[in-house]
Amino acid sequence: MKQEVIVRFPPSPTGYLHIGGARTAIFNWLFAQKTGGKLILRIEDTDAERSSEESIQGIIESLKWLGITWDEGPYFQSQFISDHLAAAQKLLESGHAYKCFCTKEELDRKRDQARQRKTALQYDGTCRHLSPEEVAEKEAAGMPYTIRLKVPRGEGFVSFEDIVYGIIEKKYEDIEDFVMVRSNGQPLYVLSNAVDDIRDRVTHVIRGQDGLANTPKQILIYKALGAPVPRFAHMSLTLDPKKAKISKRTHGERVAVHFYKERGFLPWAFVNYLALLGWSTPDSREIFSKDELIEAFSLEGISRANAIFDVRKNDPKFFTDPKAISINTHYLRTLPVEEIEPYVRKQLEKTQIWDPEFEAIKRDWFLRTIDLIRTRYHVTTDFGTLGRAYFSDDYPIEPKALKKNVLKHEGLKVWFPILADRLQGMDTFSVEEAEKVIREMADELGIKAGILINAIRTAVTGQPKGPGLFDVLITVGQRRVVERLRKAVTFFKLH
RNA sequence: GUCCCCAUCGUCUAGUCUGGCCCAGGACACCGGCCUUUCACGCCGGCAGCACCGGUUCAAAUCCGGUUGGGGACGCCA
């Protein structure tokens with residue numbers, strides 16, 4: 001029988017979930033879904049200094065928003081410290097590890113020297129050769145010690161086949177006797193992570209390429225512990241346009257998952273975009289439904305070269321990677337209206353123009369309206385801003401539009417009231433009839449219909465652009481259109 | 001300084017393993033056109049790339065070597 005796949009996503013709760021972490025989570029999740037395996041969520045909170053409950057909640061919330069589901073956990077690494085220490089003890093007893101009494105100061109000094117002499121910065125193995133008597137003596141004297149792994153010496157090397165990068169070999173001589181347990185008795189990541197993966201029976205470690213360098217060390221731990229070594233798949237990193245690693249510190253909220261939630265991204269659109277950062281199919285396909293993505297996913301499709309997340313600061317047109325926006329736009333326009341309805345509702349609530357009737361008696365109208373205006377929107381927040389006039393009578397008039405489409409034509413002072421009268425007098429307020437009325441009036445006045453059309457659009461929606469005007473009129477409704485046109489005369493008085 | 005990884009349009013990428021179908025395909029962005037009452041959508045067209053040098057070969061984006069460039073790791077952080 002084939003062994004069940006078990007993967008894990010182990011965030012350290014030292015801040016919000018950023019796109020790099022999200023990408024790692026997504027790839028693990030996709031792989032678990034694809035193989036029918038399990039995804040474990042494990043919070044690596046052993047750095048008590050920097051970990052916070054708030055971060056844990058934030059990360060979980062972001063994962064949920066993205067739609068990532070896990071089968072076990074969240075587990076908390078801090079609850080398994082005794083496991084990590086027991087493993088260290090076992091390694092000590094089996095002769096795979098040793099106690100090191102070198103002080104931090106000594107080591108720092110040696111590292112500095114090495115830096116100056118421009119030689120390798122490895123630990124020199126001073127305590128590796130201590131006799132049992134010497135060790136006992138130092139211990140009796142109460143000297144604190146760290147526990148280091150006794151890396152095999154000589155010609156050999158650690159070798160493993162990374163699913164993404166292929167065969168990786170690292171010579172023993174290039175691996176120092178690294179510390180696994182601090183002198184204060186606390187285990188270090190390299191140990192804890194491996195021990196947890198062994199206990200959780202993780203079969204595939206899918207993580208960022210920055211973990212590639214300590215993989216040989218962890219493999220040494222697995223072997224020394226007599227545990228089966230999992231498969232590794234390292235993913236290329238996500239860089240910013242300057243090719244620097246994405247970090248919370250330099251990029252702030254813009255790389256946080258919650259930022260995209262707040263800025264009106266559809267969660268699946270964001271997952272779709274993130275999946276495409278450093279992963280692709282042979283046909284370069286771009287849009288995938290959830291089922292399609294799971295079906296198409298494979299670790300072999302992960303690219304080795306780092307990808308750039310094209311974040312834009314101070315770009316008037318794109319507040320983030322244009323590709324991310326375009327994918328979001330695609331979904332916004334093509335998904336069944338019912339699927340984006342909840343997001344629109346949320347935006348209307350946020351901007352305080354939600355009307356409970358939109359989900360009751362006016363629901364059909366609500367859906368039709370969303371459908372009418374969505375083709376020119378990019379994010380769901382647009383419904384509460386650019387689309388405000390469709391849902392509320394309290395909407396702003398864009399100054400540029402006002403100037404260009406209304407104030408430029410003095411005649412509108414008298415045309416608006418006439419228009420209002422005529423539209424009010426219509427028995428059947430239909431697209432065709434409304435168009436007829438407006439075009440006839442333009443003919444009478446001897447002006448281009450466009451002048452009236454654009455002026456009306458501006459007055460009725462506050463926007464210089466939007467759907468075909470006659471559709472807009474029907475959507476907004478006869479009564480409200482008439483009211484807005486009557487009110488429009490005041491635009492001139494204010495200027 | 002040591003070790004490791006990577007290198008196709010501005011960006012995401014296909015093609016690289018298994019050389020020829022690639023004077024390199026798609027998408028986003030950008031530019032132009034059509035449509036049009038506006039803005040979009042849609043459609044049509046355009047701009048733009050195999051980092052460089054050498055080798056192997058009848059043939060190289062693809063294989064080999066080197067150079068350059070970029071990234072990562074080298075913590076008693078995770």
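Chain letters run A, B, ... following the sequence lines, proteins first and then strands; every chain starts at 1.
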Using purine N1 to pyrimidine N3 plus N6-O4 or O6-N4 for Watson-Crick, or N1-O2 and O6-N3 for G-U wobble, both under 3.5 Å, which nucleotide pairs with B:U37?
none
Applying a 4.0 Å non-hydrogen cut-off, can you work out what A:S326 is touching in the nucleic acid: base, sugar-phosphate, or nothing?
sugar-phosphate
Heavy atoms only, 4.0 Å cut-off, all strands: where does A:T461 land among base, sugar-phosphate and nothing?
nothing
Phosphate OP1/OP2 of B:A78: any A:S51 side-chain N/O under 4.0 Å
no
Looking at A:Y390 versus A:F383, is the centre-to-centre ring distance below 6.0 Å?
no
Base paired to B:U2 (Watson-Crick or G-U; both N/O distances under 3.5 angstrom)
B:A73
Rounded interatomic separation in angstrom, taking CG from A:D162 and C1' from B:C6
13 Å
Gap in Å between the two C1' atoms, one belonging to B:C30 and one to B:G75, rounded
46 Å
Could you measure between the two C1' atoms, the one in B:C41 and the one in B:C34, and give it in whole Å?
14 Å
With a 3.5 angstrom cut-off on both distances, give the Watson-Crick or G-U wobble partner of B:A61, or none if there isn't one.
none
Looking at A:R374 and A:D371, is there a salt bridge between them, counting it only when a charged N and a carboxylate O are closer than 4.0 Å?
yes
Picking from B:C76, B:A40, B:A29, the nucleotide nearest the side-chain atoms of A:R376 would be B:A40
By the Watson-Crick or G-U definition, both distances under 3.5 Å, B:A51 is matched with B:U67
Report the distance from atom CZ of A:R304 to atom C1' of B:C17, rounded to the nearest whole Å.
9 Å
Taking the side chain as every heavy atom from C-beta outward, state whether A:Y189 and A:E44 have any atom pair closer than 4.5 Å.
yes
Determine the Euclidean distance between corresponding P atoms of B:A40 and B:A51; express it in Å to zero decimal places.
36 Å
If you look at every strand shown and take non-hydrogen atoms under 4.0 Å, does A:K171 touch a base, only sugar-phosphate, or nothing?
nothing
Which of these nucleotides, B:C12, B:A78, B:C5, is closest to any side-chain atom of A:K323?
B:C12
Sugar-phosphate, base or nothing in reach of A:P467, heavy atoms under 4.0 Å:
base
Donor-acceptor side-chain pairing of A:N405 and A:T458 below 3.5 angstrom:
yes
Base, sugar-phosphate alone, or nothing: which one does A:K448 contact when heavy atoms must sit under 4.0 Å apart?
nothing
What interatomic distance, in whole Å, is found between P of B:U11 and the corresponding atom of B:A48?
16 Å
Describe the nucleic acid contact of A:S183 in one word from base, sugar-phosphate, nothing, applying a heavy-atom distance below 4.0 Å.
base
Relative to A:Y123, does A:R148 satisfy both conditions: NZ or CZ under 6.0 angstrom from the six-membered ring centre, and within 45 degrees of the ring's axis?
yes
What's A:P282 touching, base or sugar-phosphate or nothing? Going by heavy atoms closer than 4.0 Å.
sugar-phosphate
Between B:G71, B:A73, B:U37, spot the one nearest the side chain of A:F470, thanks.
B:U37
Kindly indicate, with the supporting measurements, whether the criterion ring pair (Phe, Tyr, Trp, His ring centres under 6.0 Å) is fulfilled by A:F265 and A:F259.
CA-CA 9 Å; A:F265 263 77; A:F259 177 80; 8.8 Å; no
With RNA chain B as reference, determine whether A:K170 or A:K242 sits nearer its 5' end, using the nearest nucleotide of each.
A:K170
If we take the P atom in both B:U13 and B:G69, what is their distance in whole Å?
24 Å
Of the listed nucleotides B:U37, B:A29, B:C12, the one nearest the side chain of A:N454
B:U37
Distance, rounded to the nearest Å, where A:L277 contributes CG and B:A27 contributes P
19 Å
Over all strands shown, is A:T46 touching base, sugar-phosphate only, or nothing at heavy-atom distances under 4.0 angstrom?
sugar-phosphate
Taking the nucleotide of RNA chain B with the nearest heavy atom to each, does A:H378 or A:V181 sit closer to the 5' end?
A:H378
Report the distance from atom CD1 of A:I167 to atom P of B:C4, rounded to the nearest whole Å.
15 Å
What is the pairing partner of B:C17, taking Watson-Crick or G-U wobble pairs with both distances under 3.5 Å in any strand?
none
Could a donor-acceptor pair under 3.5 angstrom be found where the side chain of A:R457 meets the base of B:C39?
no
With a 4.0 Å cut-off on heavy atoms, is A:Q77 in touch with a base, just the backbone sugar-phosphate, or nothing at all?
sugar-phosphate
Check whether any side-chain N or O of A:R207 sits under 4.0 Å from OP1 or OP2 of B:A78, and answer yes or no.
no
Rounded P spacing from B:C9 to B:G70 in Å:
16 Å
Interatomic distance, A:D283 CG vs B:G15 C1' [rounded to whole Å]:
13 Å
What nucleic acid atoms does A:L276 come within less than 4.0 Å of, heavy atoms only: base, sugar-phosphate, or nothing?
sugar-phosphate
Among B:G26, B:C76, B:C6, which nucleotide sits nearest the side chain of A:L107?
B:C76
Counting only heavy atoms from other residues, nucleotides and ligands, does the tally under 6.0 Å from NZ of A:K110 exceed 12?
yes
Gap between atoms CD1 and P, on A:I246 and B:C12 respectively (whole Å):
12 Å
Can you tell me which nucleotide in B:A73, B:C76, B:C30 comes closest to the side chain of A:F318?
B:C30
Using a heavy-atom cut-off of under 4.0 Å over every strand shown, decide if A:A305 touches base, sugar-phosphate, or nothing.
sugar-phosphate
For B:U37, does either OP1 or OP2 sit under 4.0 Å from a side-chain N or O belonging to A:K404?
no
Looking only at side-chain atoms of A:S284, point me to the closest of B:U13, B:G71, B:G75.
B:U13
Selected nucleotide, minimal atom distance to A:R182 side chain, candidates B:G71, B:U37, B:C77:
B:C77
Quick one: which of B:G71, B:A29, B:C5 gets closest to the side chain of A:L212?
B:C5
Over all strands shown, is A:G468 touching base, sugar-phosphate only, or nothing at heavy-atom distances under 4.0 angstrom?
base
To the nearest Å, give me how far apart CD1 (A:I327) and P (B:C28) are.
10 Å
Between A:R285 and A:E292, is the closest basic N to carboxylate O distance under 4.0 Å?
yes
Between B:G1 and B:U16, how far apart are the C1' atoms? Round to whole Å, please.
34 Å
Using atom P in both nucleotides, what's the gap between B:A14 and B:C6 to the nearest angstrom?
14 Å
Quick one: A:F309 CZ to B:U13 C1', roughly how many Å, whole number?
17 Å
With a 3.5 Å limit on both atom pairs, tell me what B:G45 is paired to, counting Watson-Crick and G-U wobble, or say none.
B:C31
When all nucleic acid strands are considered with a 4.0 Å heavy-atom cut-off, which category describes A:R333: base, sugar-phosphate, or nothing?
sugar-phosphate
Sugar-phosphate only, base, or nothing, as touched by A:D45 at under 4.0 Å among non-hydrogen atoms:
nothing
Does the cation-pi check pass for A:K138 over A:Y145, that is, NZ or CZ under 6.0 Å from the six-membered ring centre and within 45° of its axis?
no
Could you walk me through whether A:D200 and A:Y75 pass the side-chain hydrogen bond (donor to acceptor under 3.5 Å, both in side chains) test, one step at a time?
CA-CA 10 Å; A:D200 292 336; A:Y75 295 139; 5.5 Å; no
Regarding the side chain of A:N306, the nearest nucleotide among B:C12, B:C39, B:G71 is B:G71
